[in-house]
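Please read all numbers here as calculations on a predicted model, not as lab measurements.
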Amino acid sequence: MVRTLESVQAVIKAYDVRGIVGEQIDEAFVRDVGAAFGALIRGEGATAAVVGHDMRDSSPALSAAFAEGLLAQGVDVTLIGLASTDELYFASGLLDRPGAMFTASHNPAAYNGIKLCRAGAKPVGQETGLRVITEQVANGVPSYDGAAGRLAERDVLDEYGEYLRKLVDLSGSRPLRVAVDAGNGMGGFTVPSVLGPVEALDVRALFFELDGNFPNHEANPLDPKNLVDLQRFVVEQGADIGLAFDGDADRCFVVDEKGEPVSPSAVTALVAERELARHPGSTVIHNLITSKAVPEIIVENGGTPVRTRVGHSFIKAQMAETGAVFGGEHSAHYYFRDFWGADSGMLAAMHVLAALGEQSKPLSELMGVYDRYAASGEINSTVADQAERTRAVLDAFADEIQSTDELDGVTVQLVSGAWFNLRASNTEPLLRLNVEAATPDEVRALTERILAIVRA
């Protein structure tokens with residue numbers, strides 16, 4: 001592959017490395033990324049790193065090439081093999097080493113990528129290392145004339161499961177039938193090890209076969225069409241709850257016993273309540289497009305809500321800065337202080353299971369307490385001029401606006417009590433709309449009105 005600064009920048013993005021295998025990413029490319037990452041962390045005093053990979057066909061060879069780059073820079077490497085992304089974060093925290101996870105998450109089979117972290121699962125972004133790595137991969141990684149690193153292997157799956165079960169004790173749960181759709185992703189690998197030993201849980205498996213070609217549906221539960229199989233399966237199995245994991249199993253979506261999706265905002269509120277019961281008076285992070293029920297419930301439970309921009313780098317930075325006990329996003333990323341501030345869909349799922357199992361109500365009734373408002377979900381519109389369309393919406397609502405802020409895009413609080421957020425995509429000509437109001441009819445009317453302006 002011909003390598004230019006522009007071609008490298010197209011793959012090494014703001015928060016991770018991601019591209020099409022054979023066209024944008026190959027073994028030579030990731031070997032250089034590994035060498036550049038090795039030089040970066042060695043310069044900071046690290047002497048060892050941990051590397052894991054998902055079930056994609058290209059992942060074993062790419063992760064091995066990355067390890068070669070680290071070894072050439074004098075960095076010892078521990079390979080953990082097949083892993084979910086949060087299992088890699090666990091290994092980074094357990095071993096106190098920087099880490100690299102080979103995955104393209106929910107992207108199609110042709111893609112692969114790398115999620116990098118420093119020791120203790122601390123994130124690596126453009127301003128904290130990726131820019132330096134990009135420049136070196138484009139221009140040449142400085143050679144290292146010291147001794148090569150040493151290679152080792154370690155299976156941490158059982159330790160990962162034991163650690164999570166200590167954080168959320170499910171031993172006292174009432175019997176629960178749990179339907180799980182792994183989407184042929186890494187949930188099929190981790191769920192049996194984490195939830196299998198819990199006697200009260202009867203796990204019903206759907207698409208647990210590891211297959212990076214995703215033969216049944218995309219491993220992206222954020223898209224409603226990819227939840228349909230689980231919704232049907234929950235009802236067929238008479239399950240108490242359904243769980244859907246994305247490709248690298250760092251996100252988890254919840255479905256109730258009726259097959260209805262549970263809002264990630266409601267999950268955020270439930271987990272916040274549980275964590276505040278354990279750590280009274282703590283701070284909880286939520287991004288600006290979670291339901292306003294989230295900060296309300298945090299305050300009601302004696303916590304301090306902190307609102308942040310959308311995106312894991314902002315959440316993790318705020319987690320570290322504030323010492324927050326928990327953080328949640330609308331996209332079903334959930335972050336835990338007890339998990340090195342990193343995100344774990346599995347840990348969030350276990351909190352929901354624990355809450356369900358310690359009382360007798362069905363999940364739909366239990367979650368109703370946290371689901372106070374109606375919401376549109378995120379709606380994307382392709383526009384030629386994002387700023388101009390945003391201004392047109394603001395002008396149209398000028399007489400109804402109570403307040404606005406520009407923390408991330410523009411969030412508009414209306415006199416009626418409803419709110420909406422318009423955010424421009426950084427990588428595509430898109431405007432992203434989220435609306436919340438008291439009733440579904442109000443949400444529908446407000447959404448239609450805004451989209452008519454955005455798409456005019």
Side-chain angles (χ1 to χ4, degrees), residues 14-17 34 37-38 40-41 44-54 63 66-67 70 75-103 105 113-130 133 154-157 159-164 166-168 186 190 194 245-246 248-252 271 275 285 308 311-329 331-351:
Y15 314 119
D16 61 10
V17 180
F37 184 56
L40 175 72
I41 61 175
E44 298 171 350
T47 59
V50 60
V51 178
H53 65 80
D54 70 8
S63 61
F66 182 90
L70 285 169
V75 177
D76 294 340
V77 176
T78 298
L79 300 176
I80 64 169
L82 278 169
S84 61
T85 290
D86 66 327
E87 186 186 341
L88 183 279
Y89 292 152
F90 166 77
S92 173
L94 175 72
L95 303 176
D96 196 30
R97 296 178 179 181
M101 175 66 191
F102 273 76
T103 182
S105 186
I114 320 168
K115 294 181 178 180
L116 300 171
C117 64
R118 286 184 169 80
K122 293 180 175 61
V124 175
Q126 276 293 323
E127 304 307 316
T128 53
L130 285 182
I133 291 172
R154 178 167 175 173
D155 184 349
V156 300
L157 181 60
E159 293 172 280
Y160 159 77
E162 290 169 6
Y163 184 80
L164 294 186
K166 287 178 182 176
L167 292 181
V168 181
M186 290 311 303
T190 56
V194 177
F245 291 90
D246 68 346
D248 60 336
D250 63 347
R251 288 187 299 154
C252 182
V271 178
E275 289 289 59
I285 308 294
T308 187
H312 74 92
S313 64
F314 304 112
I315 293 271
K316 288 178 178 177
Q318 287 287 329
M319 291 280 289
E321 183 178 323
T322 64
V325 69
F326 172 65
E329 289 198 273
S331 56
H333 280 288
Y334 305 105
Y335 308 79
F336 297 85
R337 187 171 67 194
D338 289 342
F339 199 71
W340 298 279
D343 44 325
S344 172
M346 186 73 75
L347 190 49
M350 292 171 73
H351 272 284

[X] and [Y]: which non-hydrogen atoms are nearest, and at how many Å?
X: Val156; Y: Glu87; value: CG2-OE2, 3.5 Å
X: Leu79; Y: Ala67; value: CD2-CB, 4.1 Å
X: Gly120; Y: Trp340; value: O-CB, 3.3 Å
X: Met350; Y: Leu164; value: CE-O, 3.5 Å
X: Leu88; Y: Cys117; value: CD1-SG, 4.1 Å
X: Ala100; Y: Leu116; value: CB-CD2, 3.7 Å

**Message:** Tell me every residue that passes ring-ring contact (aromatic ring centres under 6.0 Å, His included) with Tyr334, counting only those two or more places apart in sequence or in another chain.
**Reply:**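 Residues passing ring-ring contact (aromatic ring centres under 6.0 Å, His included) with Tyr334: none at all.
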When rounded to the nearest 0.5 angstrom, what is the spacing between [atom1] in [X] and [atom2] in [Y]?
X: Ser331; Y: Asp246; atom1: OG; atom2: CG; result: 9.5 Å
X: Tyr160; Y: Thr190; atom1: OH; atom2: OG1; result: 5.0 Å
X: Ile114; Y: Thr103; atom1: CD1; atom2: OG1; result: 11.0 Å
X: Glu159; Y: Ile80; atom1: CD; atom2: CD1; result: 10.5 Å
X: Met101; Y: Asp54; atom1: CE; atom2: CG; result: 5.0 Å
X: Phe339; Y: Leu347; atom1: CZ; atom2: CG; result: 7.0 Å

**Request:** Show your working on side chain to side chain contact (heavy atoms under 4.5 Å, CB included) between Arg154 and Leu94 and close with a plain yes or no.
**Result:** CA-CA 12 Å; Arg154 178 167 175 173; Leu94 175 72; 3.9 Å; yes
**Request:** If the plane angle is over 60° it's perpendicular, under 30° parallel, otherwise tilted; pick one for Phe326 and Phe336.
**Result:**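 Tilted, since the angle between the ring planes falls between 30° and 60°.
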**Prompt:** Once the angle between the rings of Phe314 and Tyr15 is folded into 0 to 90°, is it parallel (under 30°), tilted (30 to 60°) or perpendicular (over 60°)?
**Reply:**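 Taking Tyr15 first and then Phe314, their aromatic rings stand perpendicular (interplane angle over 60°).
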**Derivation and outcome, side chain to side chain contact (heavy atoms under 4.5 Å, CB included), residues Glu329 and Tyr335** = CA-CA 9 Å; Glu329 289 198 273; Tyr335 308 79; 2.8 Å; yes
**Asked** Between Glu44 and Arg118, is there a side-chain N and carboxylate O pair less than 4.0 Å apart?
**Response**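 Looking at Arg118 together with Glu44, the answer is yes, because their closest N to O distance falls below 4.0 Å.
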**Prompt:** Ion pair present between Asp343 and Lys316, side-chain N to carboxylate O less than 4.0 angstrom?
**Reply:**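 So Asp343 pairs with Lys316 through a salt bridge.
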**Prompt:** Quick check: does any side chain N or O of Ser92 sit under 3.5 Å from a backbone N or O of Pro98, one acting as donor and the other as acceptor?
**Reply:**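 Not at all, since once roles are kept as given, no pair shorter than 3.5 Å links the two residues.
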**Prompt:** When you measure from the side chain of Asp248 to the backbone N and O of Thr85, does any donor-acceptor pair fall under 3.5 Å?
**Reply:**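 Flag not set: sc Asp248 to bb Thr85 has no pair under 3.5 Å.
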**Request:** Check the pair Lys115 / Asp250 against side chain to side chain contact (heavy atoms under 4.5 Å, CB included), numbers first and verdict last.
**Result:** CA-CA 12 Å; Lys115 294 181 178 180; Asp250 63 347; 3.1 Å; yes
**Item:** Worked verdict on His351 versus Glu275 for side chain to side chain contact (heavy atoms under 4.5 Å, CB included)
**Value:** CA-CA 9 Å; His351 272 284; Glu275 289 289 59; 3.9 Å; yes
